Amino acid sequence: ASKKNAGDPIALPPGTSSEDFKSYIKKAIEVVGEENVTVISDKDELTKENYTDPSKAHDMFHVFDKDYFVSSAVIAPRKVIEVQAIMKLCNEYGIPVWPFSIGRNVGYGGAAPRVPGSIGLDMGRNMNKVIEVSESGAYALVEPGVTYADLYAYLVEHKLDQKLWIDTPDLGGGSVLGNAMERGVGYTPYGDHFMMHCGMEVVLPSGELLRTGMGAMPDPTQPHVEGGSLDEQPGNKCWQLFNYGFGPYNDGIFTQSNLGVVTKMGIWLMVNPGGYQPYLITFPKDSDLPKVVDIIRELRLAMVLQNVPSIRHVLLDAAVLGTKASYSDSDKPLTDEEIDAIAKKLNLGRWNFYGALYGPKPIQDVMWQVVKQTFGSIEGAKFFLPEDVPDKKAVLHIRAKTLQGVPTFDELKWVDWLPNGAHLFFSPISKISGEDATLQYSITKKRVTEAGFDFICTFTVGMREMHHIVCLVFNRNDAGQKERVHKLIRTLIVDCAAHGWGEYRTHLALMDQIAETYNFNDNAQMKLNEKIKNALDPNGILAPGKNGIWPATYNKEAWRL
Ligand code: ADP
């Protein structure tokens, strides 16, 4: 930092001189306009700390120093042709570029890049249109900056919200496109966002424009936009209706990857099923977990459970409703007795299952009977509908919205469990089996508690597996806690790998370590990923290090964290 020249950012792109950086920025300004280029020149500028107004330049929930994962500049293109021009410019200068849509990927690094000094490519600031919602096709075509809240507001404004539902994660402020790229989940029957996407438009690292699936086929019957660039032309009429097109299916390689900047994406919307009933089932004992999970498997596979329900640990709900200090004076992990007391106070179980029934009343009635009867076999299980819970702040009232795709922001609060609360997500995949889930729970809980933190988690139930989301809340102003939480998550990765459990997604700091656990046959998958990376991005400019994939232009060992 002592050698910092006037006008330098906090971190220059690796191998880039002050002069080259200035010259790059000058050219970038010619492309996107001065108002769309921000050089990040001082640590004191990194003031944003909240999801509601997220930083576009650094990781707000930093486990390292706040200015480690930081961009040199944030550039916000206005159009696809400007994205193409920026890619070309990055190739010319050998400067790395990290695309993001909104930067609310909190718990996994937010908008921050893996390589300090990368250009942050803010895809959401200007490119935020809902391009189309088709009522008959039940889909939307969106740009990167469209959030769940935006898409929902669009449906309301166009009086379509009673006909078409979106699927939202726990918080509605993220990008519909960005979340699908990270293979995030929501909670309606359309909860697997990548599964429900249909068709992409992608700018490759070379700057070339691609449309996937049916989008690859020109459609002369579609209207032509006179004088418009290629990306402004309407796509094939089946682009958002059929995912696979012809030949190898390419979409997957643009998710959790560094092979393209996605500029448009189709997403299927769920047609209002004609009836909806959210519910909560509470289970009193910690040891109820295996029974609950085994019942869930049976019902989910039989599609009696029609959506992505979740089993939440009581402390997650407790944290939505209050800080740790509001429940206890303890600065140690809460004991079983203390947790039981909180559950009692909140009229919740140790485990709380939030589900919903979809369809007309007669269908709901039949399903409800099965659900009640099956879960009712667990001693002490209690069933609640929203009208049974008078406290309007209760989590059931929030989930009642989420499970029908209405975006909310209420669950933001659990991060304030500790003062200056920040969080990391540890997210291993589990079988939907009582035995496996319980083993994973006990192993992760032991480590979290040993590290001095409260164990807070939720299991979100997919088609055949569960995403076990362990929420590691820490005080970001407490160096000791940061060090402990960092060490903890590294230990958890090792422990879980020893049982064959891998994470589905991760924070910037852990990408290398987790990628290395997916090492079947001498890292055959990583070798393939690197081959594709080097072929598509020979200069290694696009998101080097993303998900552990390093281009040949970087010394992977030297960059390992
Ligand atoms: P959120 O939607 O939660 O705010 P971000 O916008 O931070 O999430 O995006 C999360 C991650 O997804 C980014 O770090 C990046 O790896 C990937 N991503 C987001 N948008 C794009 C895009 N338009 N093209 C390619 N990758 C993207």
Side-chain angles (χ1 to χ4, degrees), residues 48 50-61 69 71 74-77 79-80 82-84 86-87 96-115 118-129 142-151 167-186 193-194 197 200-205 209-210 212 231 251-265 267 407 409 412 423 425 504-509 511 536-537 541-549:
K48 306 226 160 145
N50 294 308
Y51 181 94
T52 39
D53 180 17
S55 171
K56 308 286 175 175
H58 82 294
D59 177 14
M60 300 186 292
F61 293 170
F69 290 121
S71 301
V74 178
I75 297 181
K79 308 158 165 223
V80 174
E82 294 181 357
V83 179
Q84 296 176 274
I86 294 291
M87 297 315 265
V97 54
W98 181 275
F100 62 90
S101 289
I102 297 288
R104 288 197 169 113
N105 191 26
V106 294
Y108 297 116
R114 170 65 179 81
V115 169
S118 299
I119 299 296
L121 194 66
D122 184 345
M123 294 297 296
R125 176 155 149 198
N126 300 311
M127 300 171 68
N128 50 20
K129 275 195 304 295
V142 295
E143 291 186 336
V146 176
T147 66
Y148 294 96
D150 294 338
L151 185 54
D167 183 281
T168 178
D170 302 80
L171 298 173
S175 156
V176 175
L177 182 155
N179 187 280
M181 287 313 102
E182 286 293 284
R183 303 197 293 260
V185 300
H193 293 162
F194 179 63
H197 99 285
M200 294 174 179
E201 182 183 84
V202 186
V203 173
L204 296 177
L209 188 72
L210 169 85
T212 66
D231 62 278
D251 293 40
I253 67 168
F254 298 111
T255 67
Q256 293 196 2
S257 86
N258 46 17
L259 300 175
V261 180
V262 183
T263 49
K264 293 183 181 70
M265 185 194 76
I267 184 93
F409 294 88
L412 263 176
H423 69 89
F425 282 128
Y504 95 102
R505 181 179 181 185
T506 197
H507 186 275
L508 299 169
M511 285 176 174
L536 291 190
D537 184 10
I541 53 129
L542 188 59
K546 168 82 180 159
N547 283 61
I549 301 162

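Because the structure is predicted, anything quoted here is derived from the model rather than measured. Order of appearance sets the numbers: ligands from 1, and atoms from 1 within every ligand. When a residue number appears, it is its place in the shown sequence, counting from 1.
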Identify, by atom number and element, the atoms of ligand 1 in contact range of [X], meaning under 4.0 Å from any of its heavy atoms.
{"X": "Gly110", "answer": "7 (O)"}
{"X": "Gly178", "answer": "12 (O), 19 (C), 20 (N)"}
{"X": "Glu182", "answer": "10 (C), 11 (C), 12 (O), 16 (O), 17 (C)"}

Please state which protein non-hydrogen atom is closest to [atom] and give its distance, to 0.1 Å?
{"atom": "atom 9 (O) of ligand 1", "result": "Ser101 N, 4.1 Å"}
{"atom": "atom 16 (O) of ligand 1", "result": "Lys546 NZ, 3.1 Å"}
{"atom": "atom 8 (O) of ligand 1", "result": "Asn105 CB, 3.6 Å"}
{"atom": "atom 14 (O) of ligand 1", "result": "Trp98 NE1, 3.4 Å"}
{"atom": "atom 5 (P) of ligand 1", "result": "Gly103 N, 3.6 Å"}
{"atom": "atom 23 (N) of ligand 1", "result": "Val262 O, 2.8 Å"}
{"atom": "atom 4 (O) of ligand 1", "result": "Arg104 N, 2.6 Å"}
{"atom": "atom 15 (C) of ligand 1", "result": "Pro99 O, 3.3 Å"}

- Message: Can you tell me which portion of Leu177 lies within the under-4.0 Å heavy-atom range of ligand 1? Options are side chain, backbone, both, or neither.
- Response: side chain
- Applying a 4.0 Å heavy-atom criterion (strictly less than), which segment of Gln256 is in contact with ligand 1: side chain, backbone, both, or neither? neither
- Message: Check for me whether Tyr108 has a heavy atom closer than 4.0 Å to any atom of ligand 1.
- Response: no
- Gly260 heavy atom under 4.0 Å from ligand 1: yes
Polar contact flag for [X] and ligand 1 (N/O pairs, less than 3.5 Å):
{"X": "Met123", "result": "no"}
{"X": "Pro144", "result": "no"}
{"X": "Ile102", "result": "yes"}

Looking only at non-hydrogen atoms, find the nearest pair between [X] and [Y] and report the distance.
{"X": "Met123", "Y": "Pro77", "result": "SD-CG, 4.3 Å"}
{"X": "His193", "Y": "Asp167", "result": "NE2-OD1, 2.6 Å"}
{"X": "Arg183", "Y": "Phe194", "result": "CG-CB, 4.2 Å"}
{"X": "Ser101", "Y": "Leu177", "result": "OG-CD2, 4.0 Å"}

- Message: Which label fits Tyr108 and Phe425: parallel for a plane angle under 30°, tilted from 30 to 60°, or perpendicular past 60°?
- Response: tilted
- Parallel, tilted or perpendicular: which describes the rings of Phe69 and His507, with under 30° parallel and over 60° perpendicular? perpendicular
- Between Asn547 and the options Arg114, Gln256, Glu182, the side chain to side chain donor-acceptor pair (under 3.5 Å) test singles out Gln256
- Donor-acceptor pair, side chain of Ser55 and main chain of Lys48, under 3.5 angstrom: no
- What do you reckon, are the aromatic ring centroids of Phe254 and His197 less than 6.0 Å apart? no
- Item | Identified salt bridge (charged side-chain N to carboxylate O under 4.0 Å, His left out) partner of Glu143 from the options Lys129, Lys79, Lys264 | Lys129
- Item | Leu412 vs Thr52, side chain to side chain contact (heavy atoms under 4.5 Å, CB included): CA-CA, chis, key distance, verdict | CA-CA 9 Å; Leu412 263 176; Thr52 39; 4.0 Å; yes
